[in-house]
Protein chains: 2
Amino acid sequence: MAHVTIKQIAERVGISKGAVSYALNGRPGVSEQTRARVLAVAAEMDWAPNSAARSLSGARSRTVGLVVTRPAEALGAESFFVSFVAGLESVLGPHGHGLLLQVVPAVEAEQATLHTWARERRVDGVVLLDPRVDDPRVALVGALRMPAVVVGHPSFARGLPCVWKDDAVAVTAAVEHLTGLGHRCLGRVAGPARLGHTAVRDGAFVAAAARRGAAARVRITDFSAAQAAGATLALVREDQVTGLLFDNDLMAVAGLSALVGAGLAVPDDVSVVAWDDSVLCHVTHPQLTAVGHDLTAYGAAVADLLVRQAEGEEVADVEVAVPDLRVRASTGHAAPAPGPRPWTVPA
Amino acid sequence: MAHVTIKQIAERVGISKGAVSYALNGRPGVSEQTRARVLAVAAEMDWAPNSAARSLSGARSRTVGLVVTRPAEALGAESFFVSFVAGLESVLGPHGHGLLLQVVPAVEAEQATLHTWARERRVDGVVLLDPRVDDPRVALVGALRMPAVVVGHPSFARGLPCVWKDDAVAVTAAVEHLTGLGHRCLGRVAGPARLGHTAVRDGAFVAAAARRGAAARVRITDFSAAQAAGATLALVREDQVTGLLFDNDLMAVAGLSALVGAGLAVPDDVSVVAWDDSVLCHVTHPQLTAVGHDLTAYGAAVADLLVRQAEGEEVADVEVAVPDLRVRASTGHAAPAPGPRPWTVPA
DNA sequence: CTGAAAGCGCTTACAG
DNA sequence: CTGAAAGCGCTTACAG
């Protein structure tokens, strides 16, 4: 049963290989009767097209590539990852496409991977995660003439098709939630400055706070738990912040722990808002208010755009649903009387 | 520069395509002088072998497959995932192999994927994660004559090569740590019973507790945070457990939260030991004692075995380092006087 | 040491 | 509607 080819099907049915190919691919050139017979025999023989042969004939590999850079960018995205990939697969699978995954230590290696994939014709297109400011990958895939979809804001895609969500609106909702609770001094524990979405969120954060007459402080981190904890305590102790917005769930959990460890109560002393709303937000005490989104739908939209683009279709940018704020126990009213607090005294 | 083929290299150097192939693959049949010239020209033209053509000629696709089942099994493995895959890639990349990833909703779909990959000749071999008791995939890859490596204990691999670590020894170390602190009644929050490693760990847990004269209770869960929280409270309230061992980090965090939410202190009332020791264990308060292992090395060992097997080598099972216990603040001395406690009164 | 040729399993113009 | 043939870009016996 192994290694069934169209040649064997052709012999069994008594027609040429070419006719078998037409029948199998639903193209004109064979009678419906012949087509039905071919399909039946192929199914009976458990035939499937040899992917290498198909790629070599047509131009397509029926494979899409995804490079994940680790550790910095990816660490924060661990919870992101499985859901997003599941979304990709929900579209790729039914189209018969595979997902080639590469995990690399740094961004330089990512560019080398894209170059190699292009030269080897391994993939029909690639997903570009976490676009950076002046991202070199954008120019690279252009030079390689490689179909690509940027997962992020159009301003970072510079002409490449992208799938994006409006983080600015979500940040604004979080800020208004906190100011609505009476918080007058807000802090944001952000990811690396070179990431495009950091810039978008920072800008929206500062603007939204200003509109509400609240102070806004941003601290940049590398997504690590240690830096998240440090930034959290610095914001609260040095900047008198009482309401915090984090750039992902893991940092929010790390920040929560740091606060509790410093003798501060959440939400009585400080309110905490996470970002992504993975299962982590449900396993803390108190549970975390979070900006949440549908990662699976996000991945599906990316795959859809990529497949259509690889098939030569003209595609336009896609905006998915705006992330929404899911309020839980980690956000509460600010203390009525602002002013010096015990913990502002140097430890 | 696009679409460079060996034909073009042959023309440029002035020899046949066959000779170019020999030179490029380091095979005898060309002079060293010719080989050097070919290599130089290939590099200059930025040539790389077309992967489809190479697969079609030889039998190899230079691709390895990994199927991840979601949600149940995979959810607990999210933190597991990126490190393990990074380990796989650290070996696959230098060998020029790609990793084809599929995320499927259930185990039936996983078998369909393996079948499809075999028929399409998409992969040279597959990684089988989370072996189950009487795992149907083991028989399937045998029938498909598909090279495979089982990530788990030899008793579940039934003849397939496997990479494993001695969980029983690690469980025993955790039990002895807890009994050494004076705990006389231990609980284990386990994953699904059908998973092979659940059986191994359950058995070691009960046996080790018995050797120390301690009581042992096991509660099976589906890896969800909700069931982990429920099992934790049931063990403590109904079974008078004071020392807990969890099957992964996420469940340990969920259990910790449930305990704190129920007014219990960790480690003063209950000690908690997590499993995997991902970053999650560092972002709780208190930080979690955990059984930890080197996931990247684990993945690298799997990839090494798979590549060697796909190349036709006879391979033997590989045992990687025994997971070790990393003691932190979540484990402490048991209350000296056992007996009824306040929280055993029905809430 | 080198060249000419067949073949891997498909797809796709091109004739009948 | 159908068949015979060329071609995708490699690898690999087989002759010289």
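Nothing here was measured: the structure is a model prediction, and the numbers come from that model. Here is the naming used below: chain letters follow the sequence lines, and residue numbers restart at 1 for every chain.
Along DNA chain C, the nucleotide nearest A:A53 and the nucleotide nearest B:A19 are compared for position; the residue whose nucleotide lies closer to the 5' end is B:A19. Across the interface with DNA chain C, nearest-nucleotide mapping of A:K7 and B:T34 shows B:T34 to be the residue nearer the 5′ end.
Annotation: salt bridge (charged side-chain N to carboxylate O under 4.0 Å, His left out) contacts involving residues 6-22 of chain B, sequence neighbours excluded, comprise B:R12-B:E44. Identified under the salt bridge (charged side-chain N to carboxylate O under 4.0 Å, His left out) test for residues 97-119 of chain A, with sequence neighbours left out: A:E110-A:R137, A:R119-B:D46. For residues 87-107 of chain A, the set of pairs meeting the salt bridge (charged side-chain N to carboxylate O under 4.0 Å, His left out) definition, not counting sequence neighbours, is empty.
Think of the region where chain A sits on DNA chain C: with heavy atoms and a 4.0 Å cut, that region ends 5' and 3' at C:dG9 to C:dA13.
Comment: A:E32 engages A:R35 in a salt bridge, judged by a side-chain N to carboxylate O separation of less than 4.0 angstrom.
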Per-pair distances, 0.1 Å, donor-acceptor, side chain in residues 154-161 of chain A, under 3.5 Å, sequence neighbours excluded:
| unit_1 | atom_1 | unit_2 | atom_2 | d |
| --- | --- | --- | --- | --- |
| A:S155 | OG | A:H153 | ND1 | 2.8 |
| A:R158 | NH2 | A:D135 | O | 2.9 |

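No side-chain N or O of B:T116 forms a donor-acceptor pair with one of B:T113 less than 3.5 Å apart.
The residue B:T5 sits close only to the backbone: its heavy atoms come under 4.0 Å of sugar-phosphate atoms, none of a base.
Within 6.0 Å of CD in A:E314 there are 12 or fewer heavy atoms belonging to other residues, nucleotides or ligands.
Of the possible donor and acceptor atoms, one in the side chain of A:D317 sits under 3.5 Å from a partner among the backbone N and O of A:C162.
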What pattern of brackets, bars and dots sums up DNA chain C from 5' to 3', given Watson-Crick or G-U wobble pairs under 3.5 Å, [ ] for crossing pairs and | for another strand?
|||.||||||||.|||
